[in-house]
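Report on one structure; see the data block that follows.
Nothing here was measured: the structure is a model prediction, and the numbers come from that model. We name chains A, B, ... by the order of the sequence lines, and we start the count at 1 in each one.
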Amino acid sequence: MHLSIKNLYKTFDDFVALDRITLDVGPRDFVCLLGPSGCGKTTLLRIIAGLLPFDGGMLTLGEKDLATLPAKERGFGIVFQSYSLFPNMTVAENVGYGLRVRKEPAARIAARVAELLELIKLPHLAERYPHQLSGGQQQRVAIARALAVDPSLLLLDEPLSALDARVRVAMRSEIRQVQRRLGIPTIMVTHDQEEALTLADKVVCMNHGRIEQIGTPQEIYARPRTRFVADFVGISNLLPADWVRDVLPELAGQCPEGDTKARELCLRPEDIKVTADGAGEGRVTEVNFLGNLTRLNVQWKGRELVAEYNGFGAPEVGESVSLSVTPSAGAWVRA
Amino acid sequence: MSTAMAPAAGFAGKSGHKPKMASADRLLLAVSLVVPVLGLSLFFLYPLGLVAWRSLVGLDGSIGLGNYASVLASPGIRTATINSLWISALTTAVCVVLGFILAYALQRSSISGKGLVRASLALPLLAPSLVQALGLIFLLGRNGVVSQWTGWTIDIYGPVGLLIANVLYGLPQAVLIIEASLRHSDARYYDAAEVMGASHWQQFRDITLPNAKFGMLSAGFVVFTVTITDFGNAAVIGGDYRVLATEIYRQVVGQMNFGMGAVVGILLLIPTLVAVYIQRVASQRQFGGGSESAIPVQPSWLPARDLPLGMAVFAISLCMIVVVATVVLASFMFLWPYRMEFTLRNYVITLSGGYTPLWTSLLISLMAAGFGVVLLFLMAFAQKRLPPALARLLYFGAILPVGVPGLVLGLAYVLAFNVSDSVLGLLYGTTVIIALCNFYHYHSQGFLTMVTGMRSVPPALEESVTCLGGGLRCVLRDAILPFLTATTVSVFFFLFMRSMVTLSAVIFLFTPQVMPASVTVMRLDEAGFTLQAAAFSTCIMITVALAMLLMRVAMTYLGRKKAGA
Ligand SMILES: Nc1ncnc2c1ncn2[C@@H]1O[C@H](COP(=O)(O)OP(=O)(O)OP(=O)(O)O)[C@@H](O)[C@H]1O
Ligand SMILES: [Mg+2]
């Protein structure tokens with residue numbers, strides 16, 4: 001089914017938490033809400049779940065209007081960042097909870113619980129209590145519990161942010177696999193861009209309660225439309241239009257006509273080719289070795305640019321280099 | 001960038017889209033709200049309103065501020081007011097300091113004999129408040145053991161005796177509240193501080209104290225109001241030192257002056273309302289409550305801290321024990337302190353009715369605790385789900401009773417229910433009305449405990465239930481109750497035990513047929529049968545101690561169940 005959000009508007013007293021959010025989530029989509037802290041991601045997720053009312057706009061699932069449908073009748077699965085398992089129930093009882101609430105027959109519940117514990121690879125822990133599990137295991141149980149009721153939409157609010165990095169990466173791919181296998185439309189909140197880029201079919205970049213850009217991870221990275229997105233996702237050189245016109249006229253051609261003051265060129269470090277050249281105009285000011293590549297700060301024509309150098313033999317601090325930019329590279333963003 | 005544009009017309013309406021609540025949920029919520037509120041209105045607000053009204057009706061039936069004028073003009077009442085404020089403030093200061101020391105020692109140190117300390121703190125909760133006074137008189141009074149053996153004349157009647165008795169009475173309540181606030185802090189704060197290199201003293205100053213601040217304020221608030229409104233101690237040991245509580249009794253029972261009594265009752269509300277306000281302001285500055293996955297702080301052993309702490313704590317405990325033990329001991333003596341021979345003759349109660357009052361009190365207390373715990377639970381549950389403004393109003397209403405002295409409540413009940421021209425009059429002279437009076441007398445403390453308990457329920461858990469398709473009933477059963485069973489049990493026993501021993505309100509409501517135990521003690525003491533009063537007190541203490549034991553067993557059982565398989 002298709003979740004559709006139109007012009008959703010939400011205030012807390014006088015504070016505008018969500019400003020005209022419009023978003024579609026397709027039947028098998030994995031959507032990530034990405035944005036800095038306080039930008040309204042959780043608020044949006046809770047509105048979708050039915051845990052918060054909203055002030056205006058539309059929220060529909062397929063033909064169904066969700067605006068007045070209570071959370072418990074939406075049939076969504078939700079997983080919170082912090083452990084929300086029932087402390088007095090075993091893992092198996094936790095997973096089967098939604099089915100018990102729906103008064104499913106015991107045999108069917110048992111079968112479904114076994115199936116889900118298999119899916120999250122924890123069948124041997126069925127009789128444990130939540131406090132006897134690690135953080136990662138608890139989150140997996142929480143996910144299984146959300147999935148048990150065959151939700152029409154899965155909502156995840158930073159489910160991995162309380163876990164350590166390795167577990168996080170491992171669980172990331174598990175979540176993705178499970179989601180692909182079950183084909184459940186999923187919305188996940190995160191402020192970790194790497195998580196969003198690796199997991200999502202569609203990244204929704206938010207700032208100050210507004211959507212800055214919606215796109216595939218590739219689009220978000222390669223064709224950011226606003227300065228905020230360019231800056232928030234990945235590393236970028238943000239160059240004023242006038243400077244580009246003077247220094248890199250071959251890139252200025254793509255600059256849309258009109259108020260060039262409000263435009264900047266986003267140039268990713270990998271678009272700038274660095275060559276050691278004693279007569280070059282650039283001077284290396286900083287070198288960061290990152291293993292497979294080296295990130296360089298180069299002072300060039302009055303600006304400091306970040307560039308990347310692949311392989312060994314990167315220039316050192318103080319060396320002169322010459323820079324060249326792929327002619328079609330970069331994206332013009334709204335300042 | 002951050003300037004949010006004015007929303008386009010059409011979807012700016014604050015009318016909003018609120019998910020509808022299922023009718024079963026609405027019904028549950030409505031019942032949870034309406035029943036307790038109705039009870040509170042009928043059995044607290046209405047009688048209290050009558051007191052306010054009667055304070056305006058003069059002896060000659062005229063309406064006006066005449067009563068107030070004559071009260072304010074009376075130097076006796078001015079003195080009583082100053083005395084009351086003074087003694088309550090002192091008691092509060094002492095109780096909060098000692099209370100924190102005791103609570104800290106119990107929660108955070110590794111001193112041994114914590115069980116004994118706890119038991120000694122439970123003692124004053126076992127008996128009517130006048131037992132402290134009785135014990136002090138047996139020890140330090142004109143006919144006490146100390147004067148008898150040393151030949152000194154000590155004047156325990158008056159402010160000093162009252163202060164000691166009040167501290168003994170208020171301290172256990174302070175400890176309970178402060179302990180609760182210490183229990184809820186998270187070990188990870190300390191771990192973090194430890195890692196950052198903070199010394200034990202710095203950790204204490206920067207984590208423990210700020211975290212306990214709310215508890216200490218609450219404790220101070222409770223002790224102050226309990227002291228300023230307590231009647232038993234003031235009546236027995238206050239001597240000529242007049243306080244507001246005894247002043248009311250004098251006006252109403254002594255002079256049948258309901259109007260003047262009502263005025264003093266209204267005046268007694270003022271300091272309490274101020275205290276409530278201060279506490280409210282302070283609680284808003286409280287930082288991070290118990291997080292949903294708080295790791296409890298493990299007590300540690302630091303000799304430099306725990307040895308002096310242990311000594312202080314045991315000295316306090318000893319005082320508590322000695323005072324109550326004296327009463328028990330005296331009840332078995334032929335003629336304290338002149339003829340110290342063992343006898344059971346004091347246990348033959350010469351007042352008519354014998355031990356019937358004990359059973360009456362038992363029945364009353366079970367009723368008060370039974371419907372009290374249900375009403376409070378529902379109220380705390382509903383309060384959490386109301387819009388903020390309404391929730392604040394309900395909260396205010398619910399904690400109002402703590403500011404109403406038992407005497408005023410008793411007077412209010414007489415005005416409201418000792419009537420012949422309404423159905424309400426049917427309740428007068430029954431155990432039910434006394435049970436209701438006792439419940440509403442202790443409504444606030446029970447409510448605050450419930451609300452604190454409710455706060456420990458992780459919001460994410462409730463929301464999980466909702467998203468998994470559970471209604472409000474499921475939220476109650478699966479998310480709230482598991483976190484609240486212990487709280488519920490403790491509120492039940494709190495109401496039961498308070499109801500067993502309370503004196504100040506019921507003193508207006510008893511009849512020869514329905515006579516609570518604490519009134520019997522008072523009457524025995526007044527009639528000069530001091531040792532019989534001690535004997536009857538001992539019986540009350542045994543009953544309440546048994547109830548307490550039962551609570552311990554229940555709590556242990558619940559604790560074991562919660563720990564899981
Ligand atoms: N109940 C509330 N009352 C008032 N303001 C609120 C409320 N809940 C959230 N806000 C405000 O709305 C804004 C968005 O909050 P939200 O929790 O959605 O942020 P978020 O994007 O999830 O941030 P984070 O990444 O830190 O979780 C914040 O500025 C927050 O202060
Ligand atoms: Mg959030």
**Item:** Smallest separation among heavy atoms of B:L468 and A:R102, with atom names
**Value:** O-NH1, 2.6 Å
**Prompt:** Closest approach of A:F86 and B:L461, non-hydrogen atoms and distance?
**Reply:** CD2-CD1, 3.6 Å
**Complete:** The single option from B:V465, B:D25, B:L472, B:V475 that satisfies side chain to side chain contact (heavy atoms under 4.5 Å, CB included) with A:K72 is B:D25
**Request:** Specify the closest pair of heavy atoms between B:G469 and A:V101, including all atoms of both residues, with the distance to one decimal.
**Result:** O-CG1, 3.3 Å
**Message:** Can you tell me which portion of A:L51 sits under 4.5 Å from chain B's heavy atoms? Options are side chain, backbone, both or neither.
**Reply:** side chain
**Prompt:** Quick one: are B:P459 and A:F80 in side-chain contact, heavy atoms under 4.5 Å?
**Reply:** no
**Separation of A:Y97 OH from B:C474 SG (nearest 0.5 Å)** = 4.5 Å
**Item:** chain B contact residues among residues 58-67 of chain A, heavy-atom distance under 4.5 Å
**Value:** A:A67
**Fill in**
Looking only at A:R145, A:R128, A:M89, the option with the highest number of non-hydrogen pairs under 4.5 Å against chain B is A:R145
**CZ (B:R477) with more than 12 external heavy atoms under 6.0 Å** = yes
**Asked** Taking everything shown except B:K114 itself, do over 12 heavy atoms lie less than 6.0 Å from its NZ?
**Response** yes
**Item:** Option that, when pairs with chain B are counted at under 4.5 Å, heavy atom only, ranks first among A:E73, A:R46, A:R74, A:R100
**Value:** A:R46
